[in-house]
Protein chains: 2
Amino acid sequence: MSVTYRKDLSRAVEDYLKAIYELQRGRQQVSTSALAERLGFASASVTGMLKKLHAQSPSLVKYQRHRGVTLTQTGEKIALEIIRHHRLIELYLIEALGYSWDEVHEEADRLEHFISESFEDRIATFLGEPEVDPHGDPIPTKEGYIAVSASTRLSALQVGESGRITKVLDEDPELLRYLTKLGLCPQAVVTVTQRDPFGGPIHIQTDAGATQMLGDRVTDSVYVELVQ
Amino acid sequence: MSVTYRKDLSRAVEDYLKAIYELQRGRQQVSTSALAERLGFASASVTGMLKKLHAQSPSLVKYQRHRGVTLTQTGEKIALEIIRHHRLIELYLIEALGYSWDEVHEEADRLEHFISESFEDRIATFLGEPEVDPHGDPIPTKEGYIAVSASTRLSALQVGESGRITKVLDEDPELLRYLTKLGLCPQAVVTVTQRDPFGGPIHIQTDAGATQMLGDRVTDSVYVELVQ
DNA sequence: TAAATGAATTAGTCGCGCCTAAAACGTGGA
DNA sequence: TCCACGTTTTAGGCGCGACTAATTCATTTA
């Protein structure tokens, strides 16, 4: 039985770890300013926190002045725990309490820091150990494993190609309501009917048969996997 | 439509309001030391917080040096909101997620500060707008009304009298597990079969027929309403 | 290679909410 | 009435996590 000792972390620290994880995609270092922007803090505040984390919790974070920050294995594991909480809570609010797609983010962003492991386990069981959240994002396992998806942006599809929506990387309630109205939720299939080869808006047809013109904001946040 | 503006309060302040409310029963002022003991803080810390509250949030609390503290109408309303959250969450954890009686207190003590009004409404609806929590305590309404119960302590019953358990004023998981084992949960009926007129342990018979001797710790925290 | 520019860090501050130690208060008993 | 004792407050301090303003650094460009 492996007991992983985990210091009790403040909400602030958990938020930093999560933000670093989310910005790290691809990049090997996360810059102070990127982190500041995502968290809505002044850069100087972020520098201060990173210095403190590096000094007091070297097991979570590797920080080099002027170079940026990276998560350690342990730091990443904790970030994934928080993300697991977030995604399970979102799904739970929808499935068990009748929340809609666009209402869950804010609630989950708070609660993710305060639920116990027991609560986490119980909602996961209730939901049947789900593997993806309502936005189509994979839910990390308790062991910190997260599935990588093979999907691409809707904006990358060529005319005539069809894709099944896998996830939507935007939490803005207004955008989500708009997508809901168009039927553009995970699992829906869309076909590109028209597009400019140099970017810009594209025309798509939904599986319900409706056609729609979509701008960059949408086509860059909606991810699909190719079908046919 | 009455919109009651409510400043966002810190968890610490909410905990103070709740503790003052709970200690205020009967008494008209709550002393610094009583509050300190209940919250687990040094008295000096409590004095500091009360001074600050009185100065910055005079709408919540009335504090007089050396005399103690009282809640205002508004302060009491907010305390009751938190208590409503606490009791709804406890009940929800039991009804919807299969928690047992003794597990819910700690979880509710954290979550009560972080759920949204929307979450509160939805679990209340799910539970059918319940009026009492799993310990038998009344759940305040959204408007801040709380039922007063006519029950007395089990320790006040005379030989031959029977009572239906209404609530248990103790959150210690171990005590609660013990009571569960004996069948002494809200709604159960007990009859006093033997007692010393000067206090001390009393003997009771449960509705299941079992007899049991109970000490002060139990008979002072279990409340009953007389039956027959 | 040196100057310009933008990113990052340092320095100093603030409010919060807790602490300990020491002083002040206020009340009951001699 | 006054003193002793327990309660409460004051004084001073600390860690956290944000802020602004000023400075330094690293990189790009002339």
Side-chain angles (χ1 to χ4, degrees), chain A residues 6-20 23-24 27-70 75 78-79 82 109-110 112-114, chain B residues 6-20 23-24 27-70 75 78-79 82 109-110 112-114:
Chain A
R6 206 254 248 196
K7 228 189 293 184
D8 254 11
L9 301 174
S10 69
R11 175 179 176 172
V13 170
E14 291 184 349
D15 276 334
Y16 272 86
L17 296 179
K18 185 177 151 201
I20 296 168
L23 292 170
Q24 207 164 353
R27 264 170 297 280
Q28 67 288 41
Q29 305 263 70
V30 173
S31 73
T32 302
S33 51
L35 206 42
E37 155 136 44
R38 141 115 4 184
L39 292 168
F41 298 149
S43 303
S45 310
V46 172
T47 300
M49 182 57 124
L50 292 181
K51 276 182 65 173
K52 188 212 144 200
L53 276 180
H54 182 73
Q56 296 177 11
S57 311
S59 61
L60 300 181
V61 134
K62 185 129 294 176
Y63 164 66
Q64 295 168 288
R65 300 167 64 229
H66 294 282
R67 294 198 121 69
V69 65
T70 329
I78 292 173
I82 308 298
D109 246 7
R110 253 179 299 110
E112 63 187 6
H113 304 289
F114 304 109
Chain B
R6 205 253 251 196
K7 227 189 294 184
D8 254 11
L9 302 173
S10 69
R11 175 178 177 173
V13 171
E14 291 184 347
D15 276 335
Y16 272 86
L17 296 179
K18 186 177 151 200
I20 296 168
L23 291 170
Q24 207 165 353
R27 264 169 298 280
Q28 68 287 42
Q29 305 263 69
V30 174
S31 73
T32 302
S33 51
L35 206 42
E37 155 137 43
R38 145 133 334 207
L39 292 168
F41 298 149
S43 302
S45 309
V46 172
T47 300
M49 182 58 124
L50 292 182
K51 277 181 64 175
K52 189 212 144 198
L53 276 181
H54 182 73
Q56 296 177 10
S57 310
S59 62
L60 300 181
V61 134
K62 185 128 293 174
Y63 164 68
Q64 294 168 288
R65 299 167 64 233
H66 293 284
R67 296 198 121 71
V69 66
T70 330
I78 292 174
I82 309 298
D109 246 6
R110 253 178 300 111
E112 63 187 6
H113 305 289
F114 304 109

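Computation of the quantities below employed the complete heavy-atom set of this structure, encompassing side-chain atoms and omitting hydrogens, waters and symmetry-equivalent molecules. In what follows, chains are A, B, ... by sequence order, proteins preceding strands, each numbered from 1.
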How close or far is atom P of dC16(C) from atom CD of Glu14(B), stated in whole angstroms?
16 Å
Whole-Å distance separating the CG atom of Leu35(B) from the C1' atom of dT7(D):
14 Å
Under the ring pair (Phe, Tyr, Trp, His ring centres under 6.0 Å) rule, collect the residues that match up with Phe114(B), sequence neighbours excluded.
Phe114(A)
Would you tell me if any nitrogen or oxygen in the side chain of Thr32(B) comes within less than 4.0 Å of OP1 or OP2 on dT7(D)?
no
Once rounded to the nearest 0.5 Å, what's the spacing between atom CD of Gln64(B) and atom CG of Leu50(B)?
12.0 Å
Between P on dC25(C) and CD on Gln64(B), what's the gap in Å once rounded to a whole number?
17 Å
To the nearest Å, give me how far apart NE2 (His66(B)) and C1' (dT9(D)) are.
6 Å
For a quick test of reading the model: is some side-chain N or O of Arg65(B) closer than 4.0 Å to OP1 or OP2 of dT10(D)?
yes
Please say which of Met49(A), Gln56(A), Lys18(A) ends up in a side-chain contact (heavy atoms from CB on, under 4.5 Å) with Val13(A).
Met49(A)
Roughly how many Å is it from CZ in Arg67(B) to P in dT8(D), rounded to a whole number?
12 Å
Report the distance from atom CG of Leu9(A) to atom CG of Leu53(A), rounding to the nearest 0.5 Å.
9.0 Å
What is the distance from atom CD of Glu37(B) to atom OG of Ser43(B), rounded to the nearest 0.5 Å?
9.5 Å
Side-chain N or O of Tyr63(B) closer than 4.0 Å to phosphate OP1/OP2 of dT9(D)
yes
Under 4.0 Å protein heavy-atom contact, by nucleotide of nucleotides 14-22 of chain D - B base, S sugar-phosphate only
--SSSBBB-
For a quick test of reading the model: is some side-chain N or O of Lys51(A) closer than 4.0 Å to OP1 or OP2 of dA8(C)?
no
Could you give the distance from CD1 (Ile20(A)) to OH (Tyr63(A)), rounded to the nearest 0.5 Å?
11.0 Å
Please tell me if Ser33(B) has a side-chain N or O lying less than 4.0 Å from either OP1 or OP2 of dT8(D).
yes
